Amino acid sequence: MSNTVAARVKPAEGDAPQTAPQTNDRTITYPLVGGGFLAAPCPSWCTSDHSDDVERGIHPGELLHQGDEVALAFELPDGTSTRVLAVRIEQYPFAHDGESDRPHACLVPSEDDGECTGYLSAMDLNAEIRRAEKHLFQLRKLSERLAEAAVEEHAGRHQSLAALDRKPNVGTWMSLRLDDVATMPVHYLLKAFAATVVEVDSPDEGALVEHLLAHPDGTHTLNLDRRLTQVMREQSTRQLLANRLYTRR
């Protein structure tokens, strides 16, 4: 057995689990079903309090150590929630199958079936992590395509208005939503807001200039400090346009 456990069995009368004094540190003394006691250390990663085991008694092979669960939770439209990719460290220290007696990861892909994929080693879990990272990369690409689809729909709608001579360029930005401003490409947002970015110097070395001017003809000017990095410029642009959209409504 890979994890050596110090065990001590004491004789007891009758078959009912007995109450035993607890030892120091992380060693727990369990009453055994059928009589006697088993003293075994609880691993540092185990977060189970084993109170039920101590109260009811155990068979040694049923002793289970479990760590905290890591899972991805989703809120459903009906107010309920579900969890996927739930993982925790487990160990049955007195099992005799050569796998579960070692610390391993139990991965439950779906809460609906609750089935563990097996006794995963650290190498096995790393392989699952790489699969999840690949999926996450695909989700990010899908999110970018979704933002592009929103641009296509928004631009197409206003092109249709232009064909009907309904002055689509006046207030085009007013039909945007706040999440559009947070996700659509910045170059399209500037076009929709009829906005021009102007780099300016700050009169105060400690303060950054980030200001939007709305003009009577429906256009906008974004005054941005020239010291802003490209990432900071994009963040400031989105924030200023979002504030403009929010206050207009």
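No experiment lies behind these values; they were computed from the predicted model shown.
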Visitor: If every non-hydrogen atom of L63 is compared with every non-hydrogen atom of P93, which pair is closest and at what distance?
Guide: O-CD, 3.3 Å

Visitor: Are side-chain heavy atoms of T221 and L212 found at a separation under 4.5 Å?
Guide: no

Visitor: Would you sort out whether T27 and D25 count as a side-chain hydrogen bond (donor to acceptor under 3.5 Å, both in side chains), showing the intermediate values?
Guide: CA-CA 6 Å; T27 298; D25 302 322; over 6 Å; no

Visitor: Does a side chain donor of either S110 or D113 reach within less than 3.5 Å of an acceptor in the other side chain?
Guide: no

Visitor: Looking only at non-hydrogen atoms, find the nearest pair between A207 and R227 and report the distance.
Guide: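 That closest heavy-atom pairing would be O-NH2, 2.6 Å.
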
Visitor: Just do the salt bridge (Lys or Arg N to Asp or Glu O under 4.0 Å) check on E144 and K141 with the steps written out, would you?
Guide: CA-CA 5 Å; E144 293 174 0; K141 300 300 291 184; 3.4 Å; yes

Visitor: Quick one: does C42's side chain get under 4.5 Å of H65's, heavy atoms only?
Guide: yes

Visitor: For A71 and R83, which heavy atoms make the closest approach, and how far apart are they?
Guide: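 It is CB-NH2, 3.4 Å.
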
Visitor: For Y188 together with H154, are the ring centres under 6.0 Å from each other?
Guide: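 Yes.
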
Visitor: Less than 4.5 Å apart, side chain to side chain, heavy atoms only: is that true for L176 and F193?
Guide: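 They are in contact (side-chain heavy atoms under 4.5 Å apart), so the answer is yes.
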
Visitor: Might you point out which heavy atoms bring T172 and A192 nearest each other, and give the distance in Å?
Guide: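 Scanning both residues completely, I find the closest heavy atoms to be CB-O, 3.7 Å.
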
Visitor: I'd like to know whether CD of E152 has more than 12 heavy-atom contacts from other residues, nucleotides or ligands below 6.0 angstrom.
Guide: no

Visitor: Which heavy atom of E69 sits nearest to which heavy atom of A86, and what is that distance?
Guide: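 Looking at all heavy atoms of both residues, the closest pair is OE2-CB, 3.5 Å.
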
Visitor: Looking at H215, I want to see if its NE2 is surrounded by more than 12 non-hydrogen atoms of other residues, nucleotides or ligands under 6.0 Å.
Guide: yes

Visitor: Less than 4.0 Å between a side-chain N and a carboxylate O, is that true for R130 and E133?
Guide: no

Visitor: Among V70, V87, L125, exactly one meets side chain to side chain contact (heavy atoms under 4.5 Å, CB included) together with L107. Which residue is that?
Guide: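 Considering V70, V87, L125, a side chain to side chain contact (heavy atoms under 4.5 Å, CB included) with L107 is found only for V87.
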
Visitor: Would you name the heavy atoms of G67 and T47 that are closest together and state the gap between them?
Guide: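 Closest approach of G67 to T47: C-OG1, 3.4 Å.
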
Visitor: Considering only NZ, NE, NH1 and NH2 on the basic side and carboxylate oxygens on the acidic side, decide whether R145 and E148 come within less than 4.0 Å.
Guide: no

Visitor: So do the side chains of L213 and N223 get within less than 4.5 Å of each other, counting heavy atoms only?
Guide: yes

